[in-house]
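Notes follow the structure.
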Amino acid sequence: MFEWAYTGVNASIPRNVGPECASYLSMKRRVIETLLISIYIAFLMIWSLKRMTLPKSLPYVQKARRGKTILLTMMSLVFGVEIGFKLSGRTFVYILNPCHIITIAEIYLLAAEPNSPKITAIFRMVVSGLNGPVLAYVFPETDCRPMFADKAVYYIQHGLMAVIPYYLARLGGAYSIEPLCDMSWSIFGYALNLAYHFWVLQIVGMLVQVNLSHMLCPAILDPFEGQNYRLWATCHQLLLIPLLYKIFYVGADFFLTKCPLTRVKPTLDYMFVEEFSKPKNMCKSNEISEGCENGHRHRE
């Protein structure tokens, strides 16, 4: 019934598709690993949910921003072309890869009005997914993309995935990040990443025998190749995802609030306004002070 979604996957690429990849791990080991990781995921989610917080009040910016419109148009076009390539090549099953899910979330953030804590939560989950574009550039997988345009879309999409969160952090308001010492959101993002891999990608991959995000068998260049490769991945992503999350925070904080060439606001939790001139007169994102309304500073 769904053959159109996966019959075009290139079987000539080692460990890409087929029964050999699907049987790399025994079913018994897959079940045991999945049960153990599920307990681990539940523990991480309970731990982080008890500590996660969201702003109680958020400034609401009704004014449309040209940057958001440009990025929304670019990402929508790029993702549309990506979907077109996958439909024409009968490889639509790859749309389930984590980077595509993050891309959909970023398109939503650019299109939705930033007027609720839900936007903040989605934004923080997007930031926790920055391991996707980083790994895509460090370990590019373009062998299954024979056309130059298809390869170009791969790099453009992953590049935009890294640019969009920085732009949104520049705007502030609903696009805010918790303090540097707070690990709850990055750990929750890591747990959600594990859950998606083991509960979704593994099951779908086994049904169609396609190696989605290497949940069926390791990549040829995987330095942790072996029966424990998924356990090793669970460990190194525990380091990578929170590390990239905090590097993003530190980098955004430096370039948006400290670097003289790129500074646009005094602190990350301030909402960027185009007429910014004196940091001390700007409105904080969680309060309305004298002379301010709806997150905007009136001209004197």
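All heavy atoms count here, side chains included; hydrogens, waters and symmetry mates do not.
- Closest heavy-atom contact between Y249 and P179: OH-CA, 4.3 Å.
- A salt bridge is absent between E178 and R51; no separation between the charged side-chain nitrogens and carboxylate oxygens falls under 4.0 Å.
- Ring planes of F188 and W185: perpendicular class, angle over 60° (limits at 30 and 60°).
- When all heavy atoms of V210 and V17 are compared, the closest pair comes out as CG2-CG2, 3.9 Å.
- Separation of the Y155 and Y137 ring centroids falls under the 6.0 Å cut-off.
- Residues Q237 and H197 bring no donor and acceptor atom of their side chains to less than 3.5 Å of each other.
- Ring centroid separation for the pair H214 and Y229 does not come in under the 6.0 Å cut-off.
- Using a 4.5 Å heavy-atom threshold, the side chains of F79 and E106 count as separate.
- Heavy-atom minimum distance, A174 versus S116: CB-O, 4.5 Å.
- Side-chain atoms of R124 and S176 include a donor-acceptor pair closer than 3.5 Å.
- Residues V9 and L216 are members of separate hydrophobic clusters, defined by side-chain heavy-atom contacts under 4.5 angstrom among Ile, Leu, Val, Met, Phe, Trp and Tyr.
- With V264 as reference, L256 is the one residue of L256, T257, L171 to meet the side chain to side chain contact (heavy atoms under 4.5 Å, CB included) rule.
- The shortest distance between side-chain heavy atoms of T73 and L77 falls below 4.5 Å.
- Salt-bridge check for K258 with D253: passed, with a basic side-chain N closer than 4.0 Å to an acidic carboxylate O.
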